[in-house]
Amino acid sequence: MTKQVVIQLRNISKTYTSSLFLRKRKTKAIYNVSLEIYQNEIFTLLGPNGSGKTTLLNIIIGQILPDNGEVFILGTKLKKYVPEKIKKRMNMCSGNPNFPWCMTVKEILKFYGLLYGISGKKLSQQVDKYISIFELEKYADVRFDELSTGTKQRLVLAKSLINEPDILLLDEPTLGLDPEVSIKIRQFIKKIKHENNTTIILTTHYMKEAEELADRVAFISNGTILTIGSIEEIYKSTKTTNLEDAFLKLAHL
C-alpha cells in the first residue's frame, strides 16, 4: 500500500545573517535538506542543540522562508505565505511555552481556538475536551504564571490540538521536564497519533525519546541530514544497537 506524503521538502537551505561590530556574520542553519513525511507517522528530527531542527519546523509551518528549495504541505506548494486553508490544518507545540502571564488556562485555550476560526458551542466543547484530556480541570481558572513547568507543557499541548490538526509539530516537548511528567507527555503523544490519525513531526535530542516514539528518524547535524529511516533500518545500516552509537558513527564523532 502506497503511503500518502503530507510534507515534502526539496533541497531546502537557510542561512541567517547577523551584524557584529559592523561586520556581517552568516550562519548556515540548514543546507540542502530533502525529505518526505507520511500521513499518521511520528517523524523525529534527532540531533544536538543548534543542529537545525527548529529551523526546519519553522519552515514547515511557514514562520520563516527558506533561501531556496521547495516546500509542499498537503499537496500544496508553499510560496511566500502558507494558505489559510493549510494553516488551519496545522499546529505547533514548543518546549518553551510562553503565553500572556495574566490569562487563565481556559482563556488561553479559548483565545487560540478563536484564532483558528472556532467559536460558539464548538469552541466551548473543544476547550472542555482538551482540559479533560490533559487533566487540567483544577487549573482551568489559574493564571499562566502560577502554573508549574509540567502543567504549562500540558497546556501548550492542549493548545496545539484545539483545532484538531492533521499535522502537529512538536519542538522539544519534554525539554526540562521531570522524568514522571516526560513519561506522561510521551503517552499523550502516542495517544494523539493513534486516536486522531495525526501526522506528528517531533524534534528532540533525547535518544531514548526517539526510540520510544519514532516511526522514522532523521539524524540532523550542522544543518544537514545524515540519514533517514526506521530505527531498525538505522541499526542495521550502522551495525549498532542504540541511536546514540548510530549517531556518533554517522557524525564521525
Side-chain angles (χ1 to χ4, degrees), residues 6-16 18 25-38 41-69 71 90 92-97 153 156-157 160 167-177 179 182 185-186 189-190 193 199-253:
V6 296
I7 296 172
Q8 186 178 37
L9 306 183
R10 294 180 183 170
N11 307 116
I12 294 295
S13 296
K14 180 65 181 179
T15 298
Y16 296 112
S18 59
R25 180 181 177 183
K26 292 188 176 182
T27 304
K28 197 173 284 187
I30 294 294
Y31 179 69
N32 202 34
V33 167
S34 295
L35 55 84
E36 292 182 341
I37 299 173
Y38 305 126
E41 74 168 337
I42 298 180
F43 185 90
T44 301
L45 289 162
L46 182 58
N49 292 331
S51 60
K53 304 187 301 294
T54 300
T55 295
L56 270 179
L57 286 196
N58 285 327
I59 287 172
I60 290 170
I61 207 164
Q63 290 185 354
I64 62 174
L65 293 171
D67 297 329
N68 55 268
V71 181
M90 303 172 71
M92 185 169 176
C93 163
S94 169
N96 293 296
Q153 196 57 28
V156 78
L157 272 170
S160 70
I167 298 172
L168 178 62
L169 293 82
L170 303 177
D171 191 15
E172 302 275 6
T174 61
L175 182 67
L177 298 182
S182 296
I185 294 297
R186 288 195 289 272
I189 293 169
K190 290 176 187 175
K193 179 204 168 185
T199 299
I200 297 173
I201 302 99
L202 167 74
T203 74
T204 184
H205 60 274
Y206 298 136
M207 303 291 177
K208 291 188 181 300
E209 186 163 272
E211 287 175 333
E212 181 179 343
L213 294 175
D215 293 304
R216 288 191 303 142
V217 171
F219 276 130
I220 184 168
S221 179
N222 296 319
T224 61
I225 301 291
L226 303 178
T227 192
I228 298 175
S230 68
I231 291 173
E232 293 76 16
E233 288 169 344
I234 290 172
Y235 289 166
K236 187 176 180 179
S237 65
T238 58
K239 297 180 180 178
T240 58
T241 57
N242 62 76
L243 289 179
E244 185 172 352
D245 287 344
F247 181 80
L248 292 174
K249 194 168 186 177
L250 288 163
H252 307 293
L253 298 175

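Positions are given from 1 along the sequence.
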For the pair V217 and F43, evaluate side chain to side chain contact (heavy atoms under 4.5 Å, CB included) and give the outcome as yes or no after the intermediate values. CA-CA 6 Å; V217 171; F43 185 90; over 6 Å; no

Can you establish whether the number of heavy atoms outside N222 located under 6.0 Å from its atom CG is more than 12? no

So how far is it from L226 CG to S221 OG, rounded to the nearest 0.5 Å? 5.5 Å

Straight-line distance of K193 NZ to L202 CG, nearest 0.5 Å: 12.0 Å

Test item: S230 side-chain N/O and E233 main-chain N/O as donor-acceptor pair under 3.5 Å: yes

Between T203 and K53, is there a donor-acceptor pair closer than 3.5 Å when you use the side chain of the first and the backbone of the second? no

Which pair of heavy atoms, one from G223 and one from V33, lies closest together, and at what distance? O-CG2, 3.6 Å

Please report the shortest heavy-atom distance between I189 and I200, naming the atom on each side. O-CD1, 3.8 Å

Got I234 and T227 here, is their nearest side-chain heavy-atom distance under 4.5 Å? yes

If you round to the nearest 0.5 Å, how far is CE of M92 from CD1 of I60? 9.0 Å

Can a salt bridge be assigned to the pair E212 and K190 using a cut-off of 4.0 Å between side-chain N and carboxylate O? yes

Distance-minimising heavy-atom pair for N49 and H205: OD1-ND1, 3.6 Å

Is there side-chain contact between F219 and T224, with at least one heavy-atom pair below 4.5 Å? no

May I have the step-by-step check of side chain to side chain contact (heavy atoms under 4.5 Å, CB included) for Y206 and S182, ending in yes or no? CA-CA 11 Å; Y206 298 136; S182 296; over 6 Å; no

Could you tell me whether a side-chain N or O of T240 sits under 3.5 Å from a main-chain N or O of D245, the two making a donor and an acceptor? no

Surrounding CD of Q63 (heavy atoms of other residues, nucleotides or ligands, distance under 6.0 Å), is the total greater than 12? yes

To the nearest 0.5 Å, tell me how far L250 CG sits from S237 OG. 6.5 Å

Mind listing the closest non-hydrogen atom pair of I201 and L45 along with its distance? CG2-CD1, 4.2 Å

Is there side-chain contact between Q153 and C93, with heavy atoms separated by less than 4.5 Å? yes

Does the side chain of L56 come within less than 4.5 Å of I220's, by heavy atoms? yes

Under the side chain to side chain contact (heavy atoms under 4.5 Å, CB included) rule, what do E209 and T174 come out as? Steps first, then yes or no, please. CA-CA 9 Å; E209 186 163 272; T174 61; 2.5 Å; yes

Is there a side-chain contact between N58 and K14, using heavy atoms and a 4.5 Å cut-off? no

Is any side-chain heavy atom of K249 closer than 4.5 Å to a side-chain heavy atom of K239? yes

Identify the heavy atoms of I231 and A214 that sit nearest to each other, and give their distance. CD1-O, 4.2 Å

Examine distances only and state if a side-chain atom of D67 and a backbone atom of T15 form a donor-acceptor pair shorter than 3.5 Å. yes

To the nearest 0.5 Å, tell me how far L57 CG sits from L170 CG. 8.5 Å

Atom OH of Y235: over 12 foreign heavy atoms under 6.0 Å: yes

4.5 Å side-chain heavy-atom contact, T204 and E172: yes

L248 side, atom CG; M207 side, atom CE - distance, nearest 0.5 Å: 7.0 Å

Is it the case that the side chains of S13 and N32 hold a donor-acceptor pair, with the cut-off being a distance below 3.5 Å and no angle test? no

Heavy-atom closest contact (D215 atom, I42 atom, distance): OD2-N, 2.7 Å

Before giving the answer on side chain to side chain contact (heavy atoms under 4.5 Å, CB included), spell out for V71 and I12 the whole-Å C-alpha distance, their side-chain angles and the decisive distance to 0.1 Å. CA-CA 8 Å; V71 181; I12 294 295; 3.6 Å; yes

Check whether any side-chain N or O of T44 sits under 3.5 Å from a backbone N or O of L46 as a donor-acceptor pair, and report yes or no. no

Can you check whether T55 reaches Y16 side chain to side chain, under 4.5 Å on heavy atoms? yes

Taking E211 for the side chain and L243 for the main chain, is one N or O donor matched with an acceptor at less than 3.5 Å? yes

